[in-house]
Amino acid sequence: MEKSLVKKTVTILIVVSIFILILFILSKLGNYIILIILTIILSYIFSILTTFFHSKKINLVVSKLLSIIIVLLFLGFVIFILIPPVTNEVSKIISNFEEISRNFSNFLKNILDNLRKIFENFEYLKIDIDKIFTSLTESLGNIILDIVTNIFSFLNLSLKIIIEIVFAFIISLFFIFDRERFLSGIIVEIPEKYKNRFINFFDELNFNLKKYILGQFLVCFIIGSSLYIFALIFRIPYAGTLGFLTAIAEVILYIGPILAFILGLVISFTVSPSTALWFSIFYISLQQITSFVVYPMVWSKFVLNVSPVVIFITMIFLVSLFGPVSLFFTVPVIIIVKSVIKEFKNSTLYEKFKKL
């Protein structure tokens with residue numbers, strides 16, 4: 001019994017130590033962390049596209065050039081075509097926030113007025129409708145304002161992010177054309193008895209990260225484009241911005257979709273209550289479809305099999321070290337940590353601990 005307790009305690013301490021060590025290393029990278037992560041993501045995208053073209057019997061160099069052209073076109077589309085109108089529309093949302101909030105408050109007031117009339121017939125039910133209304137409007141107003149302000153703050157960082165994307169693109173170009181030499185240079189330095197394990201470890205990590213990046217991009221595209229089309233059909237204002245922000249928010253697990261839903265619900269109320277109802281039904285249905293159908297198809301089980309508690313703890317650590325932007329990189333960090341822990345469990349060192 002005591003040996004079992006020692007094993008569990010040692011295992012927990014090792015897992016926590018590995019997790020803290022990775023976060024400590026990341027914290028020392030400081031302001032360069034976003035640049036490094038963007039470089040890694042772009043490198044993986046290049047690798048995915050190059051592998052795809054090369055599998056179609058296209059020359060390797062041509063495959064790399066094609067992948068570069070596609071990524072350049074995509075980045076150009078995002079930076080020069082997508083971001084400017086989105087920034088402009090977010091500015092309009094903020095300038096019209098008072099009107100949007102007033103319309104939403106009026107809708108709530110109508111509901112509560114109807115409730116007041118209903119409960120007037122029941123003397124034993126004493127409900128302070130005015131107090132409820134004031135509390136609701138103040139709370140919702142603060143929540144909505146915080147959401148919009150955070151969105152605007154994020155978009156204000158777009159110039160910095162664009163500059164980092166450009167640098168990341170240039171660095172990843174060197175990696176894609178010198179990838180084989182770079183990797184072989186690392187492998188040569190590894191002792192022979194650990195070489196196969198090292199290669200297998202990074203092959204599996206590489207597979208899971210590629211699967212996540214490709215799957216997440218597909219999910220963001222499906223949700224963002226679906227919501228954009230829905231907003232156009234129901235004539236919800238700021239359709240493009242709503243679709244874009246919803247797609248971006250999808251990267252932040254649990255929290256992102258909730259914030260996107262609140263923002264979309266409030267904007268749809270400016271059209272009509274029935275539009276808000278249809279928006280709610282559509283958005284919740286879309287989330288259910290992606291959760292139970294799309295995610296299992298495009299994400300590996302290694303990525304999906306993560307406890308929500310682990311995700312939230314990781315989010316807290318990352319935000320405390322690098323700020324809110326780090327929320328977008330929660331899952332890749334978890335994938336890396338899980339890979340390290342899995343490799344440790346297969347090591348001889350872990351076997352020695354089990355014998356304690």
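Note that the structure is predicted; figures quoted are calculated from it, not measured.
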Q: Could you walk me through whether F53 and I70 satisfy the side-chain contact (heavy atoms from CB on, under 4.5 Å) test, starting with their C-alpha distance in whole Å, then the side-chain angles of each, then the deciding distance to 0.1 Å, before giving a yes or no?
A: CA-CA 12 Å; F53 288 124; I70 290 173; 3.3 Å; yes
Q: Given side chains that start at C-beta, do those of V271 and R235 come closer than 4.5 Å, heavy atoms only?
A: no
Q: Is the side chain of Y283 donor-acceptor paired with the backbone N or O of P257 at a distance under 3.5 Å, no angle test?
A: yes
Q: To the closest 0.5 Å, what do you measure between CG (N206) and CD1 (I199)?
A: 12.5 Å
Q: Please verify the inter-ring angle class for F202 with F198; under 30° counts as parallel, over 60° as perpendicular, anything in between as tilted.
A: tilted
Q: Assess, by modelled atom type and distance only, whether the side chains of S63 and T50 contain a donor and an acceptor separated by less than 3.5 Å.
A: no
Q: Do F230 and F234 have side chains that get closer than 4.5 Å, going by heavy atoms?
A: yes
Q: Would F269 and F279 count as a ring pair (Phe, Tyr, Trp, His ring centres under 6.0 Å) here? Give the steps.
A: CA-CA 9 Å; F269 262 114; F279 171 82; 9.6 Å; no
Q: Which heavy-atom pair separates A247 from C220 by the least distance, and what is that distance?
A: O-SG, 3.1 Å
Q: Atom CG of L75 and atom CG of L42: how far apart are they, to the nearest 0.5 Å?
A: 6.0 Å
Q: Y228: which residues meet the side-chain hydrogen bond (donor to acceptor under 3.5 Å, both in side chains) condition with it, sequence neighbours left out?
A: none
Q: Indicate whether any N or O donor in one side chain lies under 3.5 Å from an N or O acceptor in the other, for T275 and S272.
A: yes
Q: How would you list, by chain and number, every residue that makes a side-chain hydrogen bond (donor to acceptor under 3.5 Å, both in side chains) with T241, sequence neighbours excluded?
A: E89
Q: Can you measure from CG (L49) to CG (L214) and round to the nearest 0.5 angstrom?
A: 8.5 Å
Q: Does a side-chain heavy-atom distance below 4.5 Å link F201 with S339?
A: yes
Q: Rounded at 0.5 Å granularity, tell me how far CG in L65 sits from CG in N59.
A: 9.0 Å
Q: Report the residues that fulfil side-chain hydrogen bond (donor to acceptor under 3.5 Å, both in side chains) with S226, sequence neighbours left out, ordered by chain and then residue number.
A: none
Q: Starting from the C-alpha separation in whole Å, work towards a yes-or-no answer on side-chain contact (heavy atoms from CB on, under 4.5 Å) for M315 and L253.
A: CA-CA 10 Å; M315 284 178 173; L253 297 180; 4.2 Å; yes
Q: Could you tabulate the donor-acceptor pairs under 3.5 Å formed by side-chain atoms of residues 260-267, not counting sequence neighbours?
A:
none

Q: Hydrophobic clusters here meaning ILVMFWY residues chained together by side-chain heavy-atom distances under 4.5 Å, can you tell me if I69 and Y44 are in one?
A: no
Q: OH of Y254: more than 12 outside heavy atoms within 6.0 angstrom?
A: yes
Q: According to a hydrophobic-cluster definition based on side-chain heavy atoms being under 4.5 Å apart (Ile, Leu, Val, Met, Phe, Trp, Tyr only), do I281 and I223 belong together?
A: yes
Q: Can you name the residues that form a salt bridge (Lys or Arg N to Asp or Glu O under 4.0 Å) with K195, not counting sequence neighbours?
A: E192
Q: With F169, which residues qualify under ring pair (Phe, Tyr, Trp, His ring centres under 6.0 Å), at least two apart?
A: F46
Q: If you measure from CZ on F77 to CG on L72, what distance do you get to the nearest 0.5 Å?
A: 15.0 Å
Q: Run the side-chain contact (heavy atoms from CB on, under 4.5 Å) test on E250 and Q287 for me, step by step, so that the C-alpha distance in whole Å, both residues' side-chain angles and the decisive distance to 0.1 Å come before the verdict.
A: CA-CA 10 Å; E250 195 64 27; Q287 286 294 329; 3.1 Å; yes
Q: Between I255 and I284, is there shared hydrophobic-cluster membership here, with clusters defined by ILVMFWY side-chain heavy atoms closer than 4.5 Å?
A: no
Q: Report, as yes or no, whether the 6.0 Å neighbourhood of atom CZ on F221 holds more than 12 heavy atoms from other residues, nucleotides or ligands.
A: no
Q: Could you tell me the separation between the CD1 atom of I213 and the OG atom of S47, rounded to the nearest 0.5 Å?
A: 9.5 Å
Q: Whether the side chain of T246 engages the backbone of L242 through a donor-acceptor N/O pair (distance < 3.5 Å, no angle test) should be reported.
A: yes
Q: Should F74 and I45 be marked as a side-chain contact (heavy atoms from CB on, under 4.5 Å) after you check the CA-CA gap, both sets of side-chain angles, and the distance that decides it?
A: CA-CA 11 Å; F74 176 76; I45 293 171; over 6 Å; no
Q: What heavy-atom pair brings K210 and T51 nearest, and what distance separates the two atoms?
A: NZ-OG1, 4.1 Å
